[in-house]
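One-based numbering, in listed order, for ligands and for the atoms of each.
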Amino acid sequence: FMEDRGKGLVHMDGILRGNTGMGVGDRVTVAASAARPAMRVVLVPAGAGPVREADYVAHLIEGLPLLAGNRVRATLVGSRAQDFLVKATEPTGPVLVQSSTVIRIERGEGNASPSRVAYEDVGGLHREIQRIREMIEFPLRYPEVFERLGIEPPRGVLLHGLPGTGKTLIARAIANETEASFFSINGPEIVNKFYGESEARLRDIFEQAKKKAPSILFIDEIDAIAPKREKVVGDVEKRIVAQLLALMDGLEDRGRLVVIGATNIPDVLDPALRRPGRFDREIAIGVPNQQGRLEILDIHTRGMPLAQDVSVAQVSEITHGFVGADLEALCR
Ligand code: ATP
């Protein structure tokens with residue numbers, strides 16, 4: 001961008017940040033490097049998906065510099081994209097994909113995660129993302145700084161807002177940008193009528209998340225498992241709340257495992273869950289304004305061929321009250 005010239009700033013997208021292991025705001029050293037024309041490139045699709053024609057993919061990534069081990073994204077028609085991992089290149093070292101490059105797509109071993117969600121996949125919500133980065137990303141990436149400053153990073157963060165405003169999306173973006181392991185559970189899924197089963201599942205997932213630390217544990221619809229205890233009649237919910245409280249209190253290694261809870265109705269949550277030391281940070285995820293809607297529409301129409309007379313800006317002006325999920329559906 002013109003206004004960033006001469007300030008020593010570089011813009012990197014989520015894929016490039018992932019490939020270089022850098023985060024937003026990090027200091028980088030940039031040096032020129034010679035890339036040789038690629039003769040052959042072997043790609044492995046990340047995650048499951050239909051097999052793409054190698055020629056088609058080759059056409060999409062023509063002109064891209066690659067290195068074995070990189071992740072590359074091919075933007076398909078529509079708002080879909082398919083990520084690939086570069087398994088091998090010939091010659092080795094940095095290469096440039098050209099029209100003469102032979103691309104081979106191998107069926108993956110299925111271990112690579114599917115498409116990553118980056119911060120630029122979230123429209124609007126700049127203040128919210130900034131706050132979440134300070135609360136979660138920085139403690140996960142620079143634990144020593146927090147230790148030295150004597151600041152205790154939060155154990156739990158509660159996101160609340162209307163359905164489809166992007167709570168799950170933000171949690172995924174944070175996990176990807178911090179390279180933390182991501183565990184996700186759905187509140188209602190945990191509830192099991194058999195005595196002790198629900199608690200065991202909760203303990204199990206906390207245990208797994210601890211083992212793979214740094215991790216982010218995302219509990220969607222947390223209201224289903226942690227309603228106010230005096231209001232519930234069922235014994236199951238009471239026991240799950242108690243177990244969740246015990247697990248949160250038992251997290252010694254602060255900052256290495258962060259629990260993010262999401263809910264549409266924060267007021268029905270058990271107050272004990274919202275006291276300091278548990279879910280002590282709360283972030284409201286609001287309905288996007290016109291600028292936010294424009295950004296979301298831009299994100300979801302990225303790979304779409306639009307007709308000349310379609311004005312995304314005009315659509316953003318007449319969609320008052322639409323949340324991210326509505327706008328995504330509209331684009332489809
Ligand atoms: P729920 O409360 O129902 O779980 P949620 O707030 O978690 O909803 P998401 O699952 O994050 O909502 O959003 C649903 C979909 O809507 C996302 O997969 C994304 O494609 C789209 N979406 C929502 N908000 C945004 C946004 N701010 N920017 C871009 N896309 C968005």
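- Evaluation of the salt bridge (Lys or Arg N to Asp or Glu O under 4.0 Å) rule for Glu62 yields no partner, not counting sequence neighbours.
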Show your working on side chain to side chain donor-acceptor pair (under 3.5 Å) between His126 and Gln291 and close with a plain yes or no. CA-CA 11 Å; His126 298 285; Gln291 179 59 31; over 6 Å; no
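- With a 4.0 Å cut-off on non-hydrogen atoms, Leu125 touches ligand 1 through its side chain and not its backbone.
- Geometrically, ligand 1 and Gly166 share a nitrogen or oxygen pair separated by less than 3.5 Å.
- Using a 4.0 Å cut-off between a side-chain N of Lys or Arg and a carboxylate O of Asp or Glu, Glu328 and Arg332 qualify as a salt bridge.
- When the shell of 6.0 Å around CD of Glu189 is examined, it contains more than 12 heavy atoms from other residues, nucleotides or ligands.
- The closest protein non-hydrogen atom to atom 7 (O) of ligand 1 is Thr168 OG1, 2.5 Å.
- A distance of 13.0 Å separates CG in Leu257 from NZ in Lys212, rounded to the nearest 0.5 Å.
- The existence of a salt bridge linking Arg293 and Asp326 is excluded, since no basic side-chain nitrogen approaches an acidic carboxylate oxygen closer than 4.0 Å.
- Near Val122, meaning under 4.0 Å from one of its heavy atoms, ligand 1 places the atoms 27 (N), 28 (N).
- At a threshold of 4.0 Å, the pair Asp270-Arg278 does not count as salt-bridged, since none of the basic side-chain nitrogens sits closer than that to a carboxylate oxygen.
- The closest heavy-atom contact to atom 6 (O) of ligand 1, among the options Lys167, Glu295, His300, comes from Lys167.
- Each of the atoms 28 (N), 29 (C) of ligand 1 lies under 4.0 Å from some heavy atom of Asp121.
- Nearest protein heavy-atom neighbour of atom 28 (N) of ligand 1: Gly123 N, 2.8 Å.
- Using 4.0 Å as the threshold, Val323 has no heavy atom nearer than that to any atom of ligand 1.
- The protein heavy atom nearest to atom 31 (C) of ligand 1 is Leu169 CD2, 3.5 Å.
- Summary of contacts: the protein heavy atom closest to atom 8 (O) of ligand 1 is Gly164 N, 2.9 Å.
- Atom 16 (O) of ligand 1 has as its closest protein heavy atom Ala325 CA, 3.2 Å.
- Residue pairs meeting the side-chain hydrogen bond (donor to acceptor under 3.5 Å, both in side chains) criterion with at least one member in residues 91-102: none, sequence neighbours excluded.
- Closest to atom 20 (O) of ligand 1, if we only count protein heavy atoms, is Glu328 OE1, 2.9 Å.
- The nearest heavy-atom contact from the protein to atom 4 (O) of ligand 1 is Asp220 OD2, 3.5 Å.
- Contact detail for Pro139 and Arg133: the closest heavy-atom pair is CD-O, 4.4 Å.
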